[in-house]
Amino acid sequence: MKKLIAAASLVILSTAIARAQTIEITPNASAPSALGDAKLFSGHVVVDSLFPANEFTHGTGGHVTFAPGARTAWHTHPAGQMLIVTSGKGWVQQEGGEKREINSGNVVWIPVGVNHWHGATNKTGMGHIAISYMKEGKNVEWGKLVTDEEFVGQVPPRD
C-alpha cells in the first residue's frame, strides 16, 4: 500500500511539474509597437517587445528598427547584451574605440558594463533583435545622447 501511495504521489507531482513547464507562444504583434523615447534614441526608432524576462531566461528581447541616421544613446548593460542584426547595415561603437560596421546576419556581444551605442548608418536603415540580460531587476543604464559629430565622425565620446 505504501508503494502504491508513493507511486500515485509521484504521478501527481510530475503532472504538476509538467503543467508548470509548457511551451509558450507569444503571438506576433501581441504587444504594441513603441516609438523610441527621444531621451534614449536619436532619429526615428521603433521598438517591438518580443518577450519579458522570467525566472528562467533572465533577459528581455525586442526587435528594434532604426531609420537612416537613428541610434541609441550611450548606455551600458549590467549583465551584457546580444544583438542579432536582422536587416540593413548599422554601426556599433564602444567608448574609446572606433565605430564598427554591423550587417544583416551579424551577431554582436556587448560585455557587462561596456559603454556603447548602436544604430543605423547615416545612409541605411538597420534592424536588430536585442536580448538584454537582467541583473538585480535591471537590464540597461542609459547615458547621454550620441551627438551628430560622434555619430558621423570617428570622434572620441564625451565624458
Side-chain angles (χ1 to χ4, degrees), residues 14-148 150-152 157-158:
S14 64
T15 303
I17 290 170
R19 276 194 214 124
Q21 295 180 0
T22 60
I23 293 173
E24 290 183 34
I25 298 173
T26 303
N28 184 22
S30 59
S33 298
L35 292 178
D37 184 330
K39 294 176 188 164
L40 311 176
F41 297 92
S42 296
H44 184 78
V45 177
V46 177
V47 180
D48 291 296
S49 178
L50 296 176
F51 60 87
N54 65 40
E55 65 180 309
F56 300 107
T57 65
H58 306 290
T60 60
H63 186 257
V64 186
T65 307
F66 298 86
R71 68 264 188 190
T72 67
W74 289 99
H75 61 287
T76 62
H77 299 280
Q81 181 183 51
M82 183 81 62
L83 302 176
I84 303 165
V85 183
T86 57
S87 63
K89 182 187 298 187
W91 288 324
V92 62
Q93 183 176 17
Q94 178 174 332
E95 184 174 29
E98 292 190 15
K99 239 180 356 185
R100 296 172 65 186
E101 187 175 285
I102 54 178
N103 294 287
S104 182
N106 290 162
V107 177
V108 180
W109 168 247
I110 297 155
V112 173
V114 169
N115 196 29
H116 69 287
W117 66 268
H118 42 93
T121 71
N122 57 341
K123 296 183 184 200
T124 60
M126 189 264 296
H128 65 50
I129 293 173
I131 302 170
S132 301
Y133 300 97
M134 305 293 285
K135 183 175 182 182
E136 299 173 0
K138 198 168 191 182
N139 67 359
V140 64
E141 182 70 40
W142 290 101
K144 297 178 182 179
L145 290 174
V146 173
T147 66
D148 290 341
E150 289 171 327
F151 177 71
V152 176
R158 299 176 289 165

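Heads up: numbering here begins at 1 and tracks the sequence.
- Here the shortest heavy-atom pairing between Pro27 and Ile25 reads CD-O, 3.4 Å.
- Here the closest non-hydrogen pair linking Pro78 and Val140 is CD-N, 3.8 Å.
- The minimum heavy-atom distance between Ser42 and Val146, with the atom names listed, is OG-O, 4.1 Å.
- Pairing each heavy atom of Leu83 with each of Ile110, the nearest pair is CD1-CD1, 3.7 Å.
- By the 4.5 Å heavy-atom criterion applied to side chains, Thr26 and Leu50 are not counted as neighbours.
- For the residue pair Trp91 and Glu101, the shortest heavy atom distance occurs at CD1-CA, 3.9 Å.
- You'll find the side chain of His63 reaches within 4.5 Å of the side chain of Thr65, heavy atoms only.
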In sequence, state the C-alpha distance, the side-chain angles, and the governing distance for Thr76 and Asn115, and then conclude on side-chain hydrogen bond (donor to acceptor under 3.5 Å, both in side chains).
-> CA-CA 5 Å; Thr76 62; Asn115 196 29; 5.6 Å; no
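- A donor-acceptor pair is defined here as one N or O able to donate and one able to accept, closer than 3.5 Å; such a pair exists between the side chain of His77 and the backbone of Asn139.
- Screening residues 21-51 for ring pair (Phe, Tyr, Trp, His ring centres under 6.0 Å), with sequence neighbours left out, gives Phe41-Trp142.
- Taken to the nearest 0.5 Å, the CG atom of Asp37 stands 12.5 Å off from the OG1 atom of Thr72.
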Would Val45 and Val64 satisfy side chain to side chain contact (heavy atoms under 4.5 Å, CB included), going step by step from the backbone distance to the final call?
-> CA-CA 7 Å; Val45 177; Val64 186; 3.5 Å; yes
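- To the nearest 0.5 Å, atom CZ of residue Arg100 and atom CG of residue Asn106 are 9.5 Å apart.
- At least one donor-acceptor pair closer than 3.5 Å links the side chain of Lys99 to the backbone N or O of Val152.
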Show me the side-chain donor-acceptor pairs of residues 116-128 shorter than 3.5 Å, one per line, residues at least two apart or across chains.
| from | atom 1 | to | atom 2 | distance (Å) |
| --- | --- | --- | --- | --- |
| His116 | ND1 | His75 | O | 3.0 |
| His116 | ND1 | Val114 | O | 2.9 |
| His116 | NE2 | His75 | NE2 | 3.1 |
| Trp117 | NE1 | Gln93 | OE1 | 2.8 |
| His118 | ND1 | His128 | NE2 | 3.1 |
| His118 | NE2 | His75 | NE2 | 3.3 |
| His118 | NE2 | Gln81 | OE1 | 3.4 |
| Thr121 | OG1 | Lys123 | N | 3.2 |
| Thr121 | OG1 | Thr124 | N | 2.9 |
| Thr121 | OG1 | Thr124 | OG1 | 2.6 |
| Thr124 | OG1 | Lys89 | O | 3.2 |

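- Here the side chain of Lys144 pairs no donor or acceptor atom with the backbone of Trp74 at under 3.5 angstrom.
- Nearest heavy-atom pair across Ile84 and Ile131 is CD1-CD1, 4.3 Å.
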